[in-house]
Chemist: 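I have a structure here, written as structure tokens, and I will follow up with some questions on it.
What you see is a predicted model, and the numbers here were worked out from it, not measured in a lab. Lettering of chains follows the sequences in order, A, B, ..., and the numbering in each one begins at 1.
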Amino acid sequence: QQQVKQSPQSLIVQKGGISIINCAYENTAFDYFPWYQQFPGKGPALLIAIRPDVSEKKEGRFTISFNKSAKQFSLHIMDSQPGDSATYFCAASGDKIIFGKGTRLHILP
Amino acid sequence: EAEVAQSPRYKITEKSQAVAFWCDPISGHATLYWYRQILGQGPELLVQFQDESVVDDSQLPKDRFSAERLKGVDSTLKIQPAELGDSAMYLCASSTRQGLGEQYFGPGTRLTVT
């Protein structure tokens with residue numbers, strides 16, 4: 001019940017395309033859903049986050065879509081750029097935070 | 001911009017030796033976390049402090065790992081004795097008391113046990 005399932009494990013997208021990463025959770029007590037971006041050799045950095053009272057949040061090229069009834073949320077990266085190549089982690093938090101296993105994204109130049 | 005500081009950045013040690021990592025969180029952040037991240041996986045919480053008190057150490061292997069945050073500011077994570085399976089990235093993060101999901105991570109310490 002504490003798991004956050006993330007897919008796909010790896011993703012290759014052409015420059016300018018849309019990258020989509022999906023996550024699912026089980027515990028309805030989670031009330032905050034952040035996405036973190038991690039470059040090799042660096043710690044994760046908070047990218048964008050959403051609360052379950054909204055269905056979508058957009059910041060620049062990054063959008064979170066949230067489906068409360070399905071207990072699923074996804075990250076969309078529009079106009080993907082080579083600089084977006086990194087590992088992305090979804091997470092769900094309530095009284096504790098649980099991370100997904102990560103998606104390694106590679107944007108082809 | 002305020003950052004979480006960690007040292008050392010890299011550590012190579014032989015198995016059965018002791019090793020220690022240090023973390024200085026963002027000023028004013030009451031909550032401090034230590035994570036272990038194995039290559040290709042997400043961060044796994046080892047211990048969470050609220051000020052100087054441990055609020056969650058359920059995943060900390062207490063037979064060999066210890067953590068302290070004596071004055072509620074910086075923190076030390078120790079492993080004694082180190083085992084080959086401890087090779088990983090050790091990440092420290094901090095957040096405000098209310099901002100559990102908005103964590104700020106340090107650069108991590110890459111530990112290699114030989």
Chemist: Please state whether the side chain, the backbone, both or neither of Tyr104(B) comes within less than 4.5 Å of a heavy atom of chain A.
Modeler: neither

Chemist: If we define contacts as heavy-atom pairs under 4.5 Å, which of Gly41(A), Gly102(A), Gly100(A), Ser93(A) has the most with chain B?
Modeler: Ser93(A)

Chemist: Less than 4.5 Å to any heavy atom of chain A: does that hold for the side chain of Gln6(B), its backbone, both, or neither?
Modeler: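 Interface part for Gln6(B): neither.
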
Chemist: Using non-hydrogen atoms only, which part of Gln38(A) is less than 4.5 Å away from chain B: side chain, backbone, both, or neither?
Modeler: side chain

Chemist: State, without any angle test, whether Gln50(B) and Thr31(B) hold a side-chain donor-acceptor pair at a distance under 3.5 Å.
Modeler: yes

Chemist: Checking heavy atoms, do the side chain of Pro44(A), its backbone, both or neither come under 4.5 Å from chain B?
Modeler: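 Both the backbone and the side chain of Pro44(A) come within 4.5 Å of chain B.
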
Chemist: Measure distances from Arg9(B) to the heavy atoms of chain A and classify the residue's part below 4.5 Å as side chain, backbone, both or neither.
Modeler: side chain

Chemist: Any carboxylate oxygen within less than 4.0 angstrom of a Lys/Arg side-chain nitrogen, looking at Lys58(A) and Glu56(A)?
Modeler: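 Answer for the salt bridge query: no.
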
Chemist: Evaluate the side-chain proximity of Phe33(A) to Tyr25(A): yes if any heavy-atom separation is below 4.5 Å, no if none is.
Modeler: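 Tyr25(A) reaches Phe33(A) side chain to side chain.
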
Chemist: Under 3.5 Å, is there a donor-acceptor pair between the side chain of Lys71(A) and the main chain of Glu26(A)?
Modeler: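 Answer holds: yes.
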
Chemist: For Glu83(B) and Pro81(B), indicate whether the former's side chain and the latter's backbone hold a donor-acceptor pair under 3.5 Å.
Modeler: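 Between the backbone of Pro81(B) and the side chain of Glu83(B) there is no qualifying donor-acceptor contact (under 3.5 Å).
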
Chemist: Below 4.5 Å from any heavy atom of chain A, which atoms of Leu45(B) appear? Answer side chain, backbone, both or neither.
Modeler: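 For Leu45(B), neither part sits under 4.5 Å from chain A.
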
Chemist: Quiz question: by atom type and distance under 3.5 Å, do the side chains of Gln6(A) and Thr103(A) form a donor-acceptor pair?
Modeler: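 Yes - a donor-acceptor pair under 3.5 Å links their side chains.
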
